[in-house]
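Here's the structure, in structure tokens; my notes come after.
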Amino acid sequence: MIDLKLLQKDFDAISAKLARKGVDTTLIKTLKEKNEKLKLAKTEFETLQAAQNSMSKDFGIYKREGKDISELKAKVDANKIKITEALDIQRTAQEELETLAMAIPNMPDDSVPDGEDEDDNVEIKKVLTPKEFGFTPKEHWELAEQNGWIDFERGVKLATSRFSVSFGMGAKLERALINFMLNFNSKRGFDEVSVPALVNRAALEGTGQLPKFEDDLYKMQDQELFLIPTAEVPLTNLFQDEILSEDKLPIKMTAYTSCFRKEAGAAGRDTRGMIRQHQFHKVELVSIAKPQQSEEIFNDMVTCASDILTALELPHRLVTLCTGDLGFSAAYTVDIEVWLPGQNTYREISSISNTREFQARRAKIRYKDGKKNSFVHTLNGSALAVGRTLVAIMENNQNEDGSITIPEVLKPYIF
RNA sequence: GGAUCUUUGGCAGAGUUGGUCGAAUGCACCGGUCUUGAAAACCGGCGAGGGUCACACCUCCCAGAGUUCGAAUCUCUGAGGGUCCA
């Protein structure tokens, strides 16, 4: 959520920043007006309430002293009607404000390049050089089927399209990757956590998936619970509504979970293979930090994810997302894209974001900043998407006969 | 699923004839005195959000609704936890 106090003070700066992300300035203006309206309504209500409180105190005194209370009662009753009205107005104003405020994305950092979509993202650097194949490399779905690692049809049989089943070495490799990544992250100082795959509405509001993106979430029918689209949601919300002591920070965590996404807006895209599945495995990094720590931790997270790919000998590149490609909660994001020779392109395999105070304000995660309480910064990133890593291994390590060479670092994990 | 009890500030724990309770007390924590230093002892401070230059003031004692001039305290509903039963 954006800082309403700041909005009140510096409307121009904020609306300019949000405009870069495509947020209409009139919307921000409306937000400001609604905030002012709420303030007025609050003042009105509180004045009446204060009168009511003081009269009620008199009431007790009168009764104890045996005075006549009929006149006082009349006054108090009249005031009460006004209070009810004022409260009603205040509530409406509050709801209107919240509805609007919760749907406004984070402000992009000044360093974020302008742009429409992913084509305008800016490459930071490439790591490892894609190798030359003496033959035409195949795409992963072909390799997966040929090796009997992944069965796409049977996934559809069990659920619906965009579900798949892994068998044999395919399944083993997934498990090996998860363990390898968790261990790797642990060594980099991220503590392993195991979290629920179902979360409530408040958690999803805290991290920004709700209220705007409900269509992308799987929701339980008989309870207000949702399947997590990423471990970022439970990990970040672990500290919802808490005031952390300064010496606890930074908190650096890693978790493996399945992730569930409806992919409502992705009809027709990536329909083959396992690039875009409704359920996929992911190892996630989440950090809770003091503002002055967050930049450095962000870099640690990017390095960690990139180093995993390097350890797996997978060529990849880092790109800075442009304003148009930036997610709802992010102030800035670095994507890591892995080289897929079968598709002859780089594809996203990790996305690391600093949301600064945006999620912290929504989820009310604060820390003792000396005397006062301040919002923390929250950061999240994948390290890494397991299915896509498997895809990358298949395509990069394929041999002419279609067999696949297992990366050295994974061998200790395969039995 | 049924019965019953319970839900208070970082923790523990008072608060049940509704009023001066945002809430005793202990611990923890912060500042000070003392000490070579530390501990102990003593003194002071110490929940959160809004509001204000600062006060005042408003809100919050699991959540929501209700009774009342007035609710942490009463009623209802829901959620979490305990115990017993099935």
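Letters A, B, ... are given to chains in the order of the sequence lines, protein chains preceding strands, and every chain is numbered from 1.
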Exercise. May I ask you to check whether Thr25(A) and Ser15(A) show a side-chain donor-acceptor distance below 3.5 Å?
Key: no
Exercise. State whether a side-chain donor-acceptor pair under 3.5 Å links Glu284(A) with Thr254(A).
Key: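 No donor-acceptor contact under 3.5 Å links the two side chains.
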Nearest-Å distance, [atom1] ([X]) to [atom2] ([N])?
| X | N | atom1 | atom2 | value |
| --- | --- | --- | --- | --- |
| Lys82(A) | C69(B) | NZ | P | 18 Å |
| Glu46(A) | U59(B) | CD | C1' | 7 Å |
| Leu244(A) | C29(B) | CG | P | 18 Å |
| Leu225(A) | G78(B) | CG | P | 18 Å |
| Gln90(A) | C57(B) | CD | P | 18 Å |
| Ile365(A) | G49(B) | CD1 | C1' | 17 Å |
| Gln49(A) | G50(B) | CD | C1' | 14 Å |
| Met55(A) | U20(B) | CE | P | 17 Å |

Counterpart base for [N], defined by Watson-Crick or G-U wobble contacts under 3.5 Å:
| N | value |
| --- | --- |
| C27(B) | G10(B) |
| C61(B) | none |
| C55(B) | none |
| C84(B) | G2(B) |
| C74(B) | G66(B) |

For [N] and [X] - does any side-chain N or O of the residue sit under 4.0 Å from the phosphate oxygens OP1/OP2?
| X | N | result |
| --- | --- | --- |
| Asn373(A) | G49(B) | yes |
| Asn53(A) | C58(B) | yes |
| Lys5(A) | G51(B) | yes |

Measure from the side-chain heavy atoms of [X] and tell me the nearest of [options].
| X | options | value |
| --- | --- | --- |
| Ile243(A) | C69(B), A48(B), C58(B) | A48(B) |
| Lys42(A) | G50(B), C69(B), A48(B) | G50(B) |
| Val76(A) | A65(B), C57(B), C69(B) | C69(B) |
| Phe45(A) | C58(B), G49(B), G70(B) | C58(B) |
| Lys80(A) | C58(B), U68(B), G19(B) | U68(B) |
| Arg366(A) | C69(B), A48(B), A65(B) | A48(B) |

Quiz prompt | Pairwise side-chain contact, Arg188(A) with Asp307(A), heavy-atom cut-off 4.5 Å (strictly under) | solution = yes
Self-check item: Side chain proximity check, Pro234(A) to Ile228(A), heavy atoms < 4.5 angstrom
Solution: yes
Quiz item: When we call it a touch if two heavy atoms are under 4.0 Å apart, what does Asp77(A) touch: a base, just sugar-phosphate, or nothing?
Solution: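 Sugar-phosphate only.
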Quiz item: Taking the six-membered ring where the residue is Trp, are the ring centres of Phe226(A) and Phe260(A) under 6.0 Å apart?
Solution: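 So the answer is no for these two rings.
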Self-check item: Arg20(A) side chain to Val112(A) backbone, donor-acceptor under 3.5 Å
Solution: yes
Quiz item: How do Lys368(A) and Phe59(A) order along RNA chain B: which one's closest nucleotide is nearer the 5' end?
Solution: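 That would be Lys368(A).
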